[in-house]
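This is the structure I have questions about; it appears just below.
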Amino acid sequence: MKTILVTGGSGFIGSHTCLALLDFGYNLVVLDSYINSSVIALKRVIGLSKTQKQSAQNTLHEVRGDIRDYKLLSKVFVEAIKNNAPIEAVIHFAGLKSVEESVREPLLYWNVNVEGSRNLFRVMDENNCRTIVFSSSATIYASSTDNLLTEASELKPCNPYGKTKLAVEELLRDLFENSENNWRIANLRYFNPVGAHSSGEIGESPLEKPNNLFPYICQVAIGSRKQLQIYGSDWPTPDGTGIRDYIHVMDLAEAHSAALEYLFSKQSKLLNLNIGTGKGTSVLELVKTFEKVNGCKVPYVFSARRLGDVSKTVANNQLSIRTLAWEPSRSLSDICRDGWRWQMLNPFGYSERTH
Ligand code: NAD
Ligand code: WQD
């Protein structure tokens, strides 16, 4: 059984991916600072894992720490070697992800996302671990066009967050091209990850007011927020609202185990892959599907366009499908049903607070 280091593994996408990886049979070391997540998430992951509860506990080892901490990261690698379970690959989720905050705090974003990643890659290199799956983002592409985005589409992020993601991809390319050693790298460019595990036990738990559409819809539907503001009704789309490619978080999670398996089968590789469904959904379509599937109301008003938004972002996912032997299998209705189950069972996410 291979041991994988998962940075940021207690977060939204990380926790779902840990479950997929445990069920795939990997041994996990999860490193997280818990700056944007709860210790409860991984406890629930262990409870959900198909592996016997006891053995799942044995295969998921949690370390509280920061990816910028060189000594701690080195210790994690060295201890794994001492325990005869050397880390053979890293899935790197840890980082900050708010576009709006990145505009206010570019120094922080470059420090955590870029410096933190550089530190991690240095420790990996020193410990002969050169296989990595990196959480990149569709946000690195230039403004959308009418066409689906392919991996060869122009890269031109328009905010500091996106620029840090592109910088890490570029650093990984330099390592791949210039190192004497063989790196195996998959940059997974996520589109819009949403929904929750079908059990409703794990899901997205924003600590503050959500910036993203799907968690906002869930909070309006349950009554913690009065109404949704739809940013713009005059986009050049059929119903005038923005179009995105919403992918179920479990489909995204499974793309990580597929990417690892693919990398393990190669000597050396650099892959950039779009992880989306290839289907566009407008804001109004998402709201209507959510209401229909869950039999609830999502009151909304139209407001001005949000600064920095684009009309349409949808993946051409053919390269991922061909390369990874993976395909998203969950529908928009599944997304709405599973996301709502999580919201109903956990009205305040993982937190106890009432607001
Ligand atoms: P998240 O905030 O839920 O998870 C990130 C995790 O990293 C959290 O558990 C947080 O505590 C941890 N973390 C942050 N800084 C850290 C540090 N310095 N050291 C150690 N741990 C740290 O976010 P998510 O939605 O699960 O996103 C995971 C990754 O995917 C991020 O890199 C994000 O940029 C990327 N991504 C997310 C989306 C999205 O819409 N959610 C889209 C594209 C890419
Ligand atoms: C989706 C659509 C909004 C909220 C962001 C980041 C991106 C990536 C994913 C990390 C748009 C509309 C939204 C609301 C609305 N994250 N909307 N009312 O903007 O596609 O991508 O998250 O890498 O970097 O930019 O996602 O969910 O914020 O918006 O009308 O309250 O919903 O205008 O059309 P976005 P989103």
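This is a predicted model, so every value here is computed, not measured. Ligands are counted one by one from 1 in listed order, and the atoms in each one are counted from 1 as well. Keep in mind that the numbers below use all heavy atoms, side chains included, and drop hydrogens, waters and symmetry copies.
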Original post:
With only distance considered, is Ile243 within less than 3.5 Å of ligand 2 through an N or O on each side?
Top reply: no
**OP:** Decide whether an N or O pair under 3.5 Å exists between Tyr161 and ligand 2.
**Re:** yes
Original post:
N/O of Ser137 under 3.5 Å from N/O of ligand 2, yes or no?
Top reply: yes
Original post:
Hey, which atoms in ligand 1 end up nearer than 4.0 Å to a heavy atom of Ser136?
Top reply: 43 (C), 44 (C)
Original post:
Heavy-atom distance to atom 35 (C) of ligand 1: which of Tyr34, Phe214, Tyr161 wins?
Top reply: Tyr161
Subject >> Atoms of ligand 1 close to Gly65 [distance to a heavy atom under 4.0 angstrom, numbered from 1] >> reply: 19 (N), 20 (C)
Original post:
What atoms of ligand 1 come within less than 4.0 Å of a heavy atom belonging to Ser10?
Top reply: 9 (O)
**OP:** For the pair Trp340 and Phe290, name the ring-plane relationship: parallel under 30°, tilted 30 to 60°, perpendicular over 60°.
**Re:** perpendicular
Original post:
Looking only at distance, does Ile13 have an N or O less than 3.5 Å from an N or O of ligand 1?
Top reply: yes
Subject >> Side-chain touch Arg225/Lys209, heavy atoms, less than 4.5 angstrom >> reply: yes
Original post:
Is Thr313 in contact with ligand 2, taking contact as a heavy-atom separation below 4.0 Å?
Top reply: no
**OP:** Would you check the N or O atoms of Ile67, main chain and side chain alike, for any that come under 3.5 Å of an N or O of ligand 1?
**Re:** yes
**OP:** Find all atoms of ligand 1 within a distance of less than 4.0 Å from any non-hydrogen atom belonging to Ser135, and give their numbers and elements.
**Re:** 29 (C), 30 (O), 32 (O), 35 (C)
**OP:** Taking the six-membered ring for Trp and the full ring for Phe, Tyr or His, determine whether the centres of Tyr26 and His256 are under 6.0 Å apart.
**Re:** no
**OP:** Indicate yes or no: does an N/O atom of Ile35 lie under 3.5 Å from an N/O atom of ligand 1?
**Re:** yes
**OP:** Go through ligand 1 atom by atom and flag the ones less than 4.0 Å from a non-hydrogen atom of Lys165.
**Re:** 31 (C), 32 (O), 33 (C), 34 (O)
Original post:
Of the choices Phe93, Tyr190, Phe134, Tyr109, which has the non-hydrogen atom that lies closest to atom 30 (O) of ligand 1?
Top reply: Tyr190
Original post:
Does Arg122 come within less than 4.0 Å of Asp125, counting only side-chain N to carboxylate O?
Top reply: no
